[in-house]
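To keep things clear, I will list the structure first and then write my remarks on it.
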Amino acid sequence: MTRIDLHTHSTVSDGTETPEELVATAAAAGITTLALTDHDTTGGWARAAAALPAGVRLVRGAEFSCVSPTGRPETPGDRATVSVHLLGYLFDPEHPAIVAEQRRIVDERIERLRAMARNVAADYPQLDADRVFDLVPEGTTPGRPHLGQALMRAGVVSSVNEAFASILRNGSKYYVPKRDTPVEQAVAMIVEAGGVAVFAHPLARRRGRVIETSVLADLAALGLGGVEVDHPDHSPEDRALLRGVAAEIGLVGTGSSDFHGTNKSTPIAAETTDPAAFEELVAKASGVEVLGG
Ligand code: AMP
Ligand code: FE
Ligand code: FE
Ligand code: ZN
């Protein structure tokens with residue numbers, strides 16, 4: 001029996017389980033291959049590796065914060081963009097371009113979360129904007145879920161999900177954008193570092209505007225290796241659409257839970273990747289090895 005979950009978060013970004021707890025949770029859930037994909041950092045790799053239980057293989061990865069065109073421009077000057085996530089697996093974590101870009105994005109995220117906290121505190125004085133970073137230990141990639149936790153503690157909302165619905169969502173009056181990496185550049189960076197790049201949840205429509213599938217074809221030409229097909233935020237229709245597109249343009253289709261501990265309601269291994277698809281992905285990578293087993 002194999003059970004492969006290729007997208008999970010720990011406390012090194014916006015998950016609620018430490019890397020050590022996460023690999024134990026994976027083992028308890030019968031996962032045989034787990035990818036750790038914290039936002040914009042490889043900071044949890046060594047901890048997860050050191051705590052890896054027997055019988056679990058570890059794919060070291062990260063989820064890169066990117067900006068993408070929404071589609072092919074229809075008119076000259078059409079530059080509509082959308083914030084997207086790109087999963088990188090098995091890349092060299094010391095590749096200078098990746099190290100520099102992850103550092104830049106984390107710094108950007110710190111300033112952005114501080115600005116959002118101030119915006120929210122202006123309307124919700126129960127929130128102490130200066131204390132939001134108490135919930136973000138050194139070395140952690142800060143994200144909106146941390147602000148959601150702070151809003152829970154302040155008694156403004158009863159869950160992080162509720163915080164997103166009312167206050168933190170894209171387009172809310174409190175929202176502050178961050179300068180993400182152009183997705184074409186991120187694909188190139190991951191490939192150059194020996195990794196394989198997989199477009200994360202491209203049709204997660206409840207988060208806002210999404211890309212047209214032509215973007216996947218354009219990125220495939222630049223070295224994109226796969227696309228997340230089975231994801232909790234994808235409808236059955238969109239999964240079918242993506243499966244077709246992936247087959248047509250030669251991308252590996254994956255399935256993953258995007259587990260965030262109690263910051264989201266999806267359990268680990270809620271979605272999984274087919275073993276043959278996983279082997280195809282691994283064959284495209286040459287940066288670092290899959291660990292354990
Ligand atoms: P950020 O990276 O700071 O822009 O925040 C985006 C993150 O918030 C995503 O990676 C998810 O982990 C999380 N998120 C998005 N929507 C929700 C939601 N409805 N409930 C809980 N967490 C969410
Ligand atoms: Fe997240
Ligand atoms: Fe994501
Ligand atoms: Zn994720």
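Each ligand, and each atom within it, is numbered from 1 in the order the structure gives. Residues take their numbers from the sequence shown, with the count starting at 1.
When non-hydrogen atoms are compared, ligand 1 lies under 4.0 Å from neither the backbone nor the side chain of His146. Neither the backbone nor the side chain of Leu113 has any atom closer than 4.0 Å to an atom of ligand 1 (non-hydrogen atoms only). If you look at Lys264 next to ligand 1, the close heavy atoms, those under 4.0 Å, all belong to the side chain. Counting heavy atoms under 4.0 Å from ligand 1, residue Asn161 touches it through both backbone and side chain.
In the hydrophobic clustering of ILVMFWY residues, with side-chain heavy atoms under 4.5 Å counting as a link, Val282 and Phe91 come out together.
Taking the Fe ion (ligand 3) as the corner point, the angle from Glu63 atom OE2 to His85 atom ND1 is about 90° (rounded to 10 degrees).
Panel note: side chain His9, backbone His260; no donor-acceptor pair is recorded below 3.5 Å. In this structure, the side chain of Ser172 engages the main chain of Ile167 through a donor-acceptor pair within 3.5 Å. At distances below 3.5 Å, at least one donor-acceptor pair connects side-chain atoms of Thr8 with backbone N or O atoms of Ala35.
Relative to atom 4 (O) of ligand 1, the option among Arg144, Met116, Arg169 with the closest non-hydrogen atom is Arg144.
Heavy-atom minimum distance, Thr141 versus His146: O-CE1, 3.4 Å.
At least one N/O/S atom of His201, from backbone or side chain, sits under 2.8 Å from the Fe ion (ligand 3). Residue contacts to the Fe ion (ligand 2): His39 brings an N, O or S atom closer than 2.8 Å.
Taking the charged nitrogens against the carboxylate oxygens, Asp258 and Arg207 do have a contact shorter than 4.0 Å, which makes a salt bridge.
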Candidate pair Glu20 and Arg47, rule salt bridge (Lys or Arg N to Asp or Glu O under 4.0 Å), full reasoning: CA-CA 6 Å; Glu20 293 83 3; Arg47 290 175 63 184; 2.9 Å; yes
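Contact analysis leaves Glu63 out of contact with ligand 1, as no non-hydrogen atom separation drops below 4.0 angstrom. Ligand 1 lies less than 4.0 angstrom from a heavy atom belonging to Arg206. By the 4.0 Å heavy-atom criterion, His9 is excluded from the residues contacting ligand 1.
Closest to the Fe ion (ligand 2) among the N, O or S atoms of Asp14 is OD2.
Of all the atoms in ligand 1, the ones that sit under 4.0 Å from a non-hydrogen atom of His39 are 10 (O). Short contacts between ligand 1 and Arg112, defined as distances under 4.0 Å to a heavy atom of the residue, involve ligand atoms 1 (P), 3 (O), 4 (O).
A donor-acceptor contact closer than 3.5 angstrom links the side chains of Ser158 and Glu162. Using modelled atom types, one finds no donor on one side chain facing an acceptor on the other under 3.5 Å when comparing Asn263 with Thr16.
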